[in-house]
Amino acid sequence: MKVVSLRYNFMQMEYNFQSIEQNWRKFWAENQTYKVEEDATKEKYYVLDMFPYPSGAGLHVGHPLGYIASDIFARYKRLKGFNVLHPMGYDSFGLPAEQYAIQTGQHPEKTTKENINRYRDQLDKIGFSFDWSREVKTSSPEYYKWTQWIFIELFNSYYCNTDKKAKPIAELVAIFDKKGNGGIDAVCDQEFDFTAEDWGNFSPSQQEAILQKYRLTYLADSWVNWCPALGTVLANDEVVNGVSERGGHPVEQKLMRQWSMRIKAYAERLLTGLDGLDWTESIKEIQRYWIGKSQGASVFFPLWKGIDGEDTVKIEVFTTRPDTIFGVNFLVLAPEHPLVAEITTEEFKTGVEEYKRLSSLKSERDRQSDVKNITGQKTGAKALHPFTGEEIDIWIADYVLASYGTGAVMAVPCGDQRDWDFATHFGIEIKNIFRDIDISTAAYVEKDAEIANSEFLNGLTAKAAIAKAVEAIEEKGFGKGKTNYRLRDAVFSRQRYWGEPFPVYYKNGLPQMIETAHLPVILPDVEKYLPTEDGQPPLGNATVWAWDTTANKVVSNELIDNKTIFPLELNTMPGWAGSSWYFLRYVDPLNTDTFADQSKIDYWKNVDLYIGGSEHATGHLLYARFWTKFLYDRGFIPFEEPFQKMINQGMILGRSSFVYRNAEGKIVSRGKLSGNETPIHVDISLVDNDKLDVAGFKDWRTDYATAEFVFEDDGTFICGSEVEKMSKSKYNVQTPDELVEKFGADTLRMYEMFLGPLEQSKPWDTKGINGVSNFLRKLWRLFNIDENGVAQLSKEAPSKENLKTLHKTIQKIQDDLDRFSFNTGVSNFMICVNELTEQKCDKHGILSELVVLISPFAPHIAEQLWVALGNEAGTVSRQQFPIFNPEYLAEASFGYPVSFNGKMRFKVDLDVALSAAEVEKIVMEMPETTKWLEGKAPKKVIVVPGRIVNIVL
RNA sequence: GCUCGAGUGGUGGAAUGGUAGACACGCCGGACUUAAAAUCCUGUGCUCUUUGGGGCGUGCGGGUUCAAGUCCCGCCUCGAGUACCA
């Protein structure tokens, strides 16, 4: 033993990861090793990471987790002979940079640039195989020129329900010119009819107002989530529990004129498209829920007496339970419903006004937390039940939402708990339409009861009754069957500075698109990044922000004459604009004529593997799917789903350390706590294995310099710990840089993978990193590298045992990678190296294949060893290797069944690659088999290739 | 409340219905060393034991199966999403 260890120390070159990694980083950059081009002779594979927002805090160890996994996969695919597109960029528009700008007056572009440089620096150290020549930044004008272009295309499109796709708005206008809008089945805000003649007589602004109801992006007054603290509106996915996702500020409802995206037009396709995607069921489920399809009917309830004899006023409600229509006791409108003011009787005017005022004051959050508080107000108006002709009261209540369905419901207290609560609270009589069901204590919401008191629906249960009710409603013209979606159109305006400017100017109050040839409209400079005094968005501060329609350029505001020079839009686009199509730009990032060259798009197509967090389920992932479908409809791209397979990596949490201060101000060790101490976060760099570096702690903060300590009995100071999100303020941030410095990038890469399943959230912990570090040193030692960096290995033929170890590993690693089990992949390498060490294997043939196999995981050491084996530098990173071909193991292998277990099944060693018939023969001739069969002939013999033999009697 | 996911040693975690706990950390013991570090070796689910071995073990209770961590039914706990959606 002693001799062996001495021999290694004297003769072997140490594994010096620092110089190795530095050299290869340089080599890869200089040789552009990872640059890819279209290559028709190779199959493409597109591996993408969700690009980061470059925040000021830099990367912590959690960020690279997904990047490492995708990098391993990209490298693996390259070894298998695929032409791999693996780019990276930055989602560089966003709130933090702007808030920093407000505080410091620095241009967000400057801080963004600094942050990007820092990110790039950190990323480079981890050995990613990104093709950096394809880098995109959403905040660069060359990029957002095409974001603006997509916006214009959306503006110039409508959604045709007949063909179930988006089409140019010009085609719609042509139809209007010819025959009006009768018979057109298109997605539209409102139902109304006009003839070709009407259309011709409308003024341009009337025409435009109509078109806005069809366009896929449109300007409309809508109820939006307004966040006063951020001074901007937010999309639904940016509001969490009634507060803003960023910063946690309260959000209220406000009616504002805003750009919106007609994503609702795509609701059905966004829903059905999920079926073909290889995503986790949970993300699909979240999207399904968010889209929220429900089938039912919309029913019109005429007013009891038309206002001033007018009999056209009808309240439209949406219900999923038309079978309960005879149980309707009253109607409820949302307080914001447009008809409320109109229908309210004199007697109830003040009450209704007051109720509307109170509910408008409530924030979204109050409205949510107030669920148990039942409120409502009678309007005095009455509607007629369409079937029975009964008079029913119309109420307003804020449990009815203006933005869902029609903003009005038919209340069926016997069959809906909320209606029941409401009726009970206000002492409204409840009609029971269920046979033998007691509804005195609660509504009956199940659908299995027999319906009674309902004329033609009597005796039916829900399913049949719904169909029959819809039939009757349609037949009598009271309404029609309808599908409703919870998904709402997405607000697209933000009252911010640091975002894409709209390519829009206003002529007579009507929005005009700037022609593509004159894009991009570049974000102007402003003095202040805050809203203007009169409440305009920050772009209201810009002095050069008007559009000259003759020169086609941005000019000074002073020149605005509304004849040839017009004001430009003051809002900017939301953060998700740029990220909704960036995967397309990577394909051809420098193109100035189009968003990407058609032939390149045709070659690379959509993303094969997308890795990122699941927090984007209802935001980015939905919007990107929407835009992709739109671009597909309009013939710009040949696919309609952007991300075929997706893996969601879990969050890496921080492990915070605490010291405890007692009432006397002493700092107490964990073992000496009495329970009355206050925990204080302490920087984790001062703590090793829960042991505090007391001297360092005293230096850390001046107020601790003279602190008194209560130590453990053995004189050490032990910290407490807790798992929390990694954050600067908790002093628990571990940067990858320190670990790369200390252990090397290859160790970091493998350790992050070794931590556990990729999808799982887990606390960061460096306890086990030595294990990986030892493993790489062991691997290095196997190669017996001499002073000149050359591997001293035997050219002898490998032993059967050597081959078995290698082939088993090749098989397992492929299995692991194909099911994205990177952690077991690392383990299998460890097993392999342990076995080869034990076998004292120094065979060139075995070890060179091992290097290839391990290169996706630990590319730096693999390159070094590859060269040490006498190969050309850089080739292991790009070349195709036959060890991954299915034929390889079949040809090279030898196998035999190893274990007999149970009565009918044989587990066979993994590296068996004999044909099924051969395995069957061997197994059938085994003494155990013969004994078990007792002379009977088996009915069936199932051989799972190379794995398991089942014998069925 | 509803929907989805997960519960395995001291720890992170392996395991296609087929020898549960691979691999790693940690720990115990040993070798080498003046010493430390590094390295290497042995052991390590719990438990009983006459040291041969035996019993019990994958949140709980049932079931299917020759065989269940894995499949089915009912609970418990934790996590995620969502929340008056008519």
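Worth saying up front: this structure is predicted, and the values here are computed from it rather than measured. The chains referred to below are lettered A, B, ... by the order of the sequence lines, with proteins before strands, and numbering in each begins at 1.
With its glycosidic angle within 90° of 0, G9(B) is assigned syn. Syn is the classification of G52(B), since its glycosidic angle stays within 90° of 0.
At the heavy-atom level, Lys293(A) lies nowhere under 4.0 Å from the strands shown. Residue Gln417(A) is out of contact with every strand shown, counting any heavy-atom pair closer than 4.0 Å. Within 4.0 Å of Asp419(A), counting heavy atoms only, lies no atom of the nucleic acid at all. As judged by a 4.0 angstrom heavy-atom cut-off over every strand, Pro763(A) is placed among residues making no nucleic acid contact. Within the nucleic acid shown, Asn823(A) comes within 4.0 Å of sugar-phosphate atoms alone, with no base atom in reach, counting heavy atoms only.
Taking atom CG of residue Asn828(A) and atom C1' of nucleotide G13(B), one finds them 13 Å apart after rounding to whole Å.
Under a 4.0 Å N-O distance rule, the pair Arg288(A)/Glu281(A) qualifies as a salt bridge.
Taking the six-membered ring wherever Trp is involved, the centroid distance between the rings of Trp395(A) and Tyr355(A) does not fall below 6.0 Å.
Nucleotide A20(B) has no partner under the Watson-Crick or G-U criteria, as no pair reaches both atom distances under 3.5 Å. When both distances must be under 3.5 Å, the Watson-Crick or G-U wobble mate of A35(B) does not exist. Base pairing of G81(B): its partner is C2(B), meeting the Watson-Crick or G-U wobble criterion (both donor-acceptor distances under 3.5 Å).
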Derivation of the salt bridge (Lys or Arg N to Asp or Glu O under 4.0 Å) call for Lys463(A) and Asp448(A):
CA-CA 9 Å; Lys463(A) 203 177 168 209; Asp448(A) 51 8; over 6 Å; no

Yes or no on salt bridge (Lys or Arg N to Asp or Glu O under 4.0 Å) for Glu835(A) and Lys808(A), after CA distance, side-chain angles and deciding distance?
CA-CA 11 Å; Glu835(A) 282 181 20; Lys808(A) 192 171 67 184; 3.2 Å; yes

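Comparing Trp290(A) and Asp816(A) by the nucleotide of RNA chain B whose heavy atom lies nearest to each, the residue mapping closer to the 5' end is Asp816(A). Position along RNA chain B of the nearest nucleotide to Thr319(A) versus Tyr289(A) favours Tyr289(A) as the more 5'-ward residue.
Within the 4.0 Å cut-off from OP1 or OP2 of A80(B), not a single side-chain nitrogen or oxygen of Asn648(A) is found. Applying the 4.0 Å criterion to OP1 and OP2 of U39(B), one finds that Arg777(A) has a side-chain N or O inside that range.
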